[in-house]
Number of protein chains: 2
Amino acid sequence: IILLQHIHRIFTVGDQEVHALDDVSLEIAYGEYLSIMGPSGSGKSTLLNILGLLDTPTSGRYILDGRDITTLSPDEQASTRREKVGFVFQFFQLIPRLTAEQNVELPLVLAGTPPGERKKRTWKVLKAVGLENRMGHRPDQLSGGQRQRVAIARSTIMQPGVLLADEPTGNLDRHSGIEVIELLEELNRQGITLIVVTHDPEIGNRALRRIRLVDGRISCDHTGRID
Amino acid sequence: IILLQHIHRIFTVGDQEVHALDDVSLEIAYGEYLSIMGPSGSGKSTLLNILGLLDTPTSGRYILDGRDITTLSPDEQASTRREKVGFVFQFFQLIPRLTAEQNVELPLVLAGTPPGERKKRTWKVLKAVGLENRMGHRPDQLSGGQRQRVAIARSTIMQPGVLLADEPTGNLDRHSGIEVIELLEELNRQGITLIVVTHDPEIGNRALRRIRLVDGRISCDHTGRID
Ligand SMILES: Nc1ncnc2c1ncn2[C@@H]1O[C@H](COP(=O)(O)OP(=O)(O)OP(=O)(O)O)[C@@H](O)[C@H]1O
Ligand SMILES: Nc1ncnc2c1ncn2[C@@H]1O[C@H](COP(=O)(O)OP(=O)(O)OP(=O)(O)O)[C@@H](O)[C@H]1O
Ligand SMILES: [Mg+2]
Ligand SMILES: [Mg+2]
């Protein structure tokens, strides 16, 4: 289970303070599928970064699998992140000198997976996002939406327990976007906890539980069908 | 007037050829407002890069203001681009070490505009995209949609003859996205030729002329109201 208790995240720029997250509390069960929506600048990426152990709160507690994350050492946080969390970044964070295939394969290389199995799993996830003909391209030789799909493929290859997706369809046409969210939903059906940040209500409303963020606060946390 | 005649753009990756644009011909009048839509990877950014003199065709002719662009020297192409074209990049291309204000002000600095007038015009366009409270933030201190709005503000500050926008609302919530497109449409009413690449039909269908790109070809070039 994921438990956020009274999370605050304050950024300081010069003498200006930005209260990016303002007393956020949230409980997420294993295997849940929820979306987070809200205006630009409302704190969605900041919330996801804290959930994904890429950032630490200014105050409040984050309990993951019964362990208080804020008490872990940086090394322990990094290994927890590698093992448990898949992340699709809003701006992909692909490695420029590696091809699409090498970018997707990288987590398996770091995990010591043998080459034969790596090739097989890498090809499988790249085919699932329609990029089997772009495997040798580097990021600068790919379109915006193709880079986004490489990032999605990479996030799924370790079959993490939790998958955090920050605007996974922002650069995709409607058809490719729906293919992507269906892929992520299939992983959720197999047991992965799925959290999707999105500006697109057509994507966000597919989740049964929908959280709305406004000015760093949860303004709405709703479970149930939309009519 | 903008005239593309039988434009081809072929990329080579290893021994693979990608025919990103395949015999594209297009005529655009001064002051026109058109949208370009199509699947991920269909050639939209490539087309916009050629129109914006950021890339040269493999074959075909590009006539801008009666001059054949392909016959200009690189220096002449660069100065034509600076004077005539505003570009909103799909991934913003902001300068990491400069603040939002400095990023937006940069074209005016390069053009030799005096400091007093620069400050005034910079503040005006940043206010128009709702970022007057983020002027001192650097790109890594801004949300995704805020970075996108800085890129939009920067593209408008020189009041170019032609404004090319590649997915200007991809990282914005619906409300901010509509504010942005209304801002661009206001510039079009003042005389700027406006070309918007978008995946969002709600944005793309606002243009009276809509071009659809599929596999590097124009599959549809339609002028008239949508019912
Ligand atoms: N520098 C390059 N080298 C090789 N192939 C490229 C290069 N740039 C683009 N491509 C390929 O050309 C095709 C068109 O790319 P382009 O970026 O124009 O697509 P797009 O329509 O903008 O897509 P998206 O909607 O995903 O942004 C893609 O299949 C892409 O893989
Ligand atoms: N490193 C930082 N330093 C200072 N302020 C920051 C930093 N990162 C984010 N902010 C501010 O915190 C607020 C929340 O940012 P965040 O990236 O979480 O928004 P978001 O909801 O993801 O927005 P978008 O939909 O535009 O991606 C914004 O107002 C932003 O300016
Ligand atoms: Mg964000
Ligand atoms: Mg593109």
Side-chain angles (χ1 to χ4, degrees), chain A residues 11-16 18 20 37-46 48-49 89-92 99-100 129-131 133-149 166-167 169-177 179-180 197-202 204 212-214 216, chain B residues 11-16 18 20 37-46 48-49 89-92 99-100 129-131 133-149 166-167 169-177 179-180 197-202 204 212-214 216:
Chain A
F11 294 109
T12 310
V13 179
D15 54 6
Q16 182 194 12
V18 179
M37 292 187 268
S40 172
S42 56
K44 306 179 298 297
S45 294
T46 304
L48 224 61
N49 287 340
F89 295 91
Q90 191 167 0
F91 299 110
F92 323 148
T99 63
V129 294
L131 289 179
N133 295 324
R134 292 287 180 271
M135 290 181 39
H137 286 229
R138 290 187 319 269
D140 66 322
Q141 296 171 322
L142 293 172
S143 80
Q146 289 168 345
R147 285 176 218 169
Q148 188 153 37
R149 284 181 273 157
D166 198 347
E167 310 280 356
T169 65
N171 283 285
L172 299 176
D173 56 282
R174 185 171 175 277
H175 177 69
S176 312
E179 286 186 336
V180 154
V197 162
T198 181
H199 280 305
D200 186 349
E202 195 172 336
R212 185 151 190 86
L213 212 56
V214 179
Chain B
F11 294 107
T12 310
V13 179
D15 54 4
Q16 182 193 10
V18 179
M37 292 186 271
S40 171
S42 55
K44 305 180 298 297
S45 294
T46 304
L48 224 60
N49 288 340
F89 294 91
Q90 190 167 0
F91 300 110
F92 323 148
T99 62
V129 294
L131 289 180
N133 294 325
R134 291 287 181 271
M135 289 179 44
H137 286 229
R138 291 186 320 267
D140 67 323
Q141 296 171 322
L142 293 171
S143 79
Q146 290 167 343
R147 286 175 218 168
Q148 188 153 36
R149 285 181 271 157
D166 198 346
E167 310 279 357
T169 65
N171 283 286
L172 299 176
D173 56 281
R174 185 169 175 276
H175 178 70
S176 314
E179 286 185 335
V180 154
V197 162
T198 181
H199 281 304
D200 187 348
E202 194 173 336
R212 183 151 190 87
L213 212 55
V214 178

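Note that the structure is predicted; figures quoted are calculated from it, not measured. Each chain gets a letter, A, B and so on, in the order the sequences are listed, and its residues count up from 1.
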Heaviest contributor of heavy-atom pairs below 4.5 Å to chain B, chosen from Arg134(A), Arg138(A), His175(A), is Arg134(A)
Quick check on Phe89(A) against chain B: is it the side chain, the backbone, both or neither that has a heavy atom closer than 4.5 Å? neither
Where on Gln146(B) is there a heavy atom nearer than 4.5 Å to chain A: the side chain, the backbone, both, or neither? both
Val18(A) and Gln141(B), any side-chain heavy atoms less than 4.5 Å apart: no
Which bit of Gln148(A) is near chain B, if near means a heavy-atom gap under 4.5 Å: side chain, backbone, both or neither? neither
So, the part of Arg147(B) with a heavy atom under 4.5 Å from chain A: the answer is side chain
Region of Phe91(B) that comes under 4.5 Å of a non-hydrogen atom in chain A: side chain
Only pairs of heavy atoms separated by less than 4.5 Å count here; which of Glu167(B), Arg149(B), Arg174(B) has the most with chain A? Arg149(B)
Side chain to side chain donor-acceptor pair (under 3.5 Å) partners of Asn171(A), counting only residues at least two apart: Gln90(B)
Backbone N or O of Asn133(B) within a donor-acceptor pair of the Gln16(A) side chain at under 3.5 Å? yes
Greatest number of heavy atom pairs closer than 4.5 Å to chain B - which of Ala20(A), Ser42(A), Gly41(A), Gly38(A): Gly41(A)
The criterion is side chain to side chain contact (heavy atoms under 4.5 Å, CB included); which residues satisfy it with Ser176(B), sequence neighbours excluded? Ser40(A), Leu172(B), Asp173(B)
